[in-house]
**Student:** 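Following this message is one structure expressed as structure tokens.
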2 protein chains.
Amino acid sequence: MSPRVSKEHLKQRRADIMKAATQVFIEQGYEHTTMKHVMEAANVSRGGLYQYFSNKEDLFEAILEEGLSEEAEDTGFSLEEAASPQWTLLMKLMFGEDGRPDTNMDPLAPSKLEFFITGRHDERRRTYGEKRYEMGVNIYDEVIKAGQETGEFSDRYDSGLLARSIITFVDGLALDHAIQPEEKVRLKEQSELFVEYLKMALDVSSSS
Amino acid sequence: MSPRVSKEHLKQRRADIMKAATQVFIEQGYEHTTMKHVMEAANVSRGGLYQYFSNKEDLFEAILEEGLSEEAEDTGFSLEEAASPQWTLLMKLMFGEDGRPDTNMDPLAPSKLEFFITGRHDERRRTYGEKRYEMGVNIYDEVIKAGQETGEFSDRYDSGLLARSIITFVDGLALDHAIQPEEKVRLKEQSELFVEYLKMALDVSSSS
DNA sequence: CCCTAAAAAGACACCAGTGTCGTTTTGGTA
DNA sequence: TACCAAAACGACACTGGTGTCTTTTTAGGG
């Protein structure tokens, strides 16, 4: 009736496994990592690992969810700065806290792409992917819509369409960067150009 | 010393297998198709199949190469119409013969993405992917450069960077479309918007 | 019409990865 | 200190896919 170890300990172990697994996924990609790889990286036995995650998909989804909630925290934080212009918010959403293009990309991004592309024929995975896509669109959509309502942005273009364009661009960049070395893709320059584009589409004259 | 069947027959058989395989790859994706699937679709035995292709990777690359040379033919054809403005050429390159956005995508595109993403840690595959990326960049680069030289396009932006942006956009669209249903991605509208973007970047006032 | 070399067939051995299950260890509790 | 439920372990059986190898078939040349 009494648990043999504390809830804390379980949480911790689970977190440790996920951390180790994340590293493996980053290094090997989703398809090529095996539970054995994870076992070794996390210093846990087969049985031990399966106690926490029933398979690779389950494990990866846990990592995805974790990333999502972390992101949500950051975003929530950003959104509270209602004082700042929507443009600043938009830039922070796209490029992180410093709000301008750089060459950093989510190291797990390639594996995420793998996960959703190779799983596109699986009902569960597909639905999940669509849900995430929609969430992404919504976040950008809301910021753009807000800007358009205050008159900070032009409403010449549909906010949903612009939101989708941002996602497309980000996905395309992640994809190319997953395969090509950075200097061939020119991440930063491309991002800057895309920002130019957004400025045009939203009629933002903006400084810097 | 004399071959048992004609060269033609061999070519034909090989072509048949590739055609059947293409269909399987479209339906199942790269990672999930097995040689067995192909055997069944092509009505050929295990031994027979391996006579023509030494493994799945070999088979898929053959299909890729074939697609590339077909494309090259089309492109070559387009480029000969030197009379037409570079803008028209650019649109044809992006959207095919009719030169304007539609909802058609290469049905093999998702498998191609899979192939290169999951193979990104394999030396051979990576190199091959880079080569193809470069070819893609070059095609667009040349058209844009030509247009800039004749003064048809503004040379405000680097042609290589614009070429890369086009690839990024196309890749992003292919990726999203591989995972999302068409109506969520809004392929056509996004493409039209992107064309606006290009017009801005190249200073093309153009009719349509 | 037979002969033969190449093409097609499919049985086979092998491997890598999976998830389960019986056993052992562990640490809080009484 | 002894107990015991849960946690951790790792051997195991199973599966699905691969590439090879031997055998059978086939079609063109003599």
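To find a chain, count down the sequence lines: A is the first, B the second, and so on, and within it residues start at 1.
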**Student:** Calculate the interatomic distance between A:H9 atom NE2 and D:dA7 atom C1'; express it in whole Å.
**Tutor:**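 Going from A:H9 (NE2) to D:dA7 (C1'), I get 9 Å.
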**Student:** Please give the angle, rounded to 10 degrees, between the axes at the start and the end of the helix from C:dC1-D:dG30 to C:dA30-D:dT1, where five pairs define each axis.
**Tutor:**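 That helix gives 10° between its end axes.
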**Student:** Considering only NZ, NE, NH1 and NH2 on the basic side and carboxylate oxygens on the acidic side, decide whether A:R126 and A:E130 come within less than 4.0 Å.
**Tutor:**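 A:E130 and A:R126: salt-bridged.
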**Student:** Using a cut-off of strictly less than 4.0 Å between a heavy atom of the residue and any atom of DNA chain C, enumerate the qualifying residues of residues 11-31 of chain A by number.
**Tutor:**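 Within residues 11-31 of chain A, no residue comes under 4.0 Å of DNA chain C.
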**Student:** Sequence neighbours left out, what passes side chain to side chain donor-acceptor pair (under 3.5 Å) with B:R132? Give chain and number order.
**Tutor:**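 Per chain and number, B:R132 pairs via side chain to side chain donor-acceptor pair (under 3.5 Å) with B:Y128.
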**Student:** Taking only residues two or more places apart in sequence, or in another chain, which ones meet B:I179 in a side-chain contact (heavy atoms from CB on, under 4.5 Å)?
**Tutor:**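 B:I179: side-chain contact (heavy atoms from CB on, under 4.5 Å) contacts with A:F116, A:I117, B:L175.
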**Student:** What residues form a salt bridge (Lys or Arg N to Asp or Glu O under 4.0 Å) with A:D106, not counting sequence neighbours?
**Tutor:**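 Salt bridge (Lys or Arg N to Asp or Glu O under 4.0 Å) check on A:D106 returns A:K112.
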**Student:** Counting only non-hydrogen atoms, which of residues 39-48 of chain B are less than 4.0 Å from DNA chain C?
**Tutor:**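 Nucleic-acid contacts, sorted: B:V44, B:S45, B:R46, B:G47, B:G48.
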**Student:** For DNA chain D, find the residues of residues 49-57 of chain A with a heavy-atom distance under 4.0 Å and give them by number; none if there aren't any.
**Tutor:**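 A:Q51, A:Y52, in order of number.
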**Student:** Can you name the residues that form a side chain to side chain donor-acceptor pair (under 3.5 Å) with A:R13, not counting sequence neighbours?
**Tutor:**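 A:R13: no side chain to side chain donor-acceptor pair (under 3.5 Å) contacts found.
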**Student:** Quick one: ring pair (Phe, Tyr, Trp, His ring centres under 6.0 Å) pairs with a partner in residues 167-193 of chain A, sequence neighbours left out?
**Tutor:**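 Counting only pairs at least two positions apart or across chains, the ring pair (Phe, Tyr, Trp, His ring centres under 6.0 Å) contacts touching residues 167-193 of chain A are A:F169-A:F194.
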**Student:** Tell me whether A:K56 is salt-bridged to A:E61, with the criterion being a basic N under 4.0 Å from an acidic carboxylate O.
**Tutor:**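 No, this pair does not count.
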**Student:** Give the table of side-chain donor-acceptor pairs shorter than 3.5 Å for residues 157-165 of chain B, with sequence neighbours excluded, one pair per line with atom names and distance.
**Tutor:**
| unit_1 | atom_1 | unit_2 | atom_2 | d |
| --- | --- | --- | --- | --- |
| B:D158 | OD2 | A:R186 | NH1 | 3.4 |
| B:D158 | OD2 | A:R186 | NH2 | 3.0 |
| B:D158 | OD2 | B:G160 | N | 3.3 |
| B:D158 | OD2 | B:L161 | N | 3.0 |
| B:S159 | OG | B:D141 | OD1 | 2.6 |
| B:R164 | NE | B:G160 | O | 3.2 |
| B:R164 | NH1 | A:K184 | O | 2.4 |
| B:S165 | OG | B:L161 | O | 3.1 |

**Student:** With sequence neighbours excluded, tell me which residues meet side chain to side chain donor-acceptor pair (under 3.5 Å) with A:Q51.
**Tutor:**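 So A:Q51 forms no side chain to side chain donor-acceptor pair (under 3.5 Å) with any residue.
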**Student:** Sequence neighbours excluded, which residues qualify as side chain to side chain donor-acceptor pair (under 3.5 Å) partners of A:Q28?
**Tutor:**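 Expected list: none.
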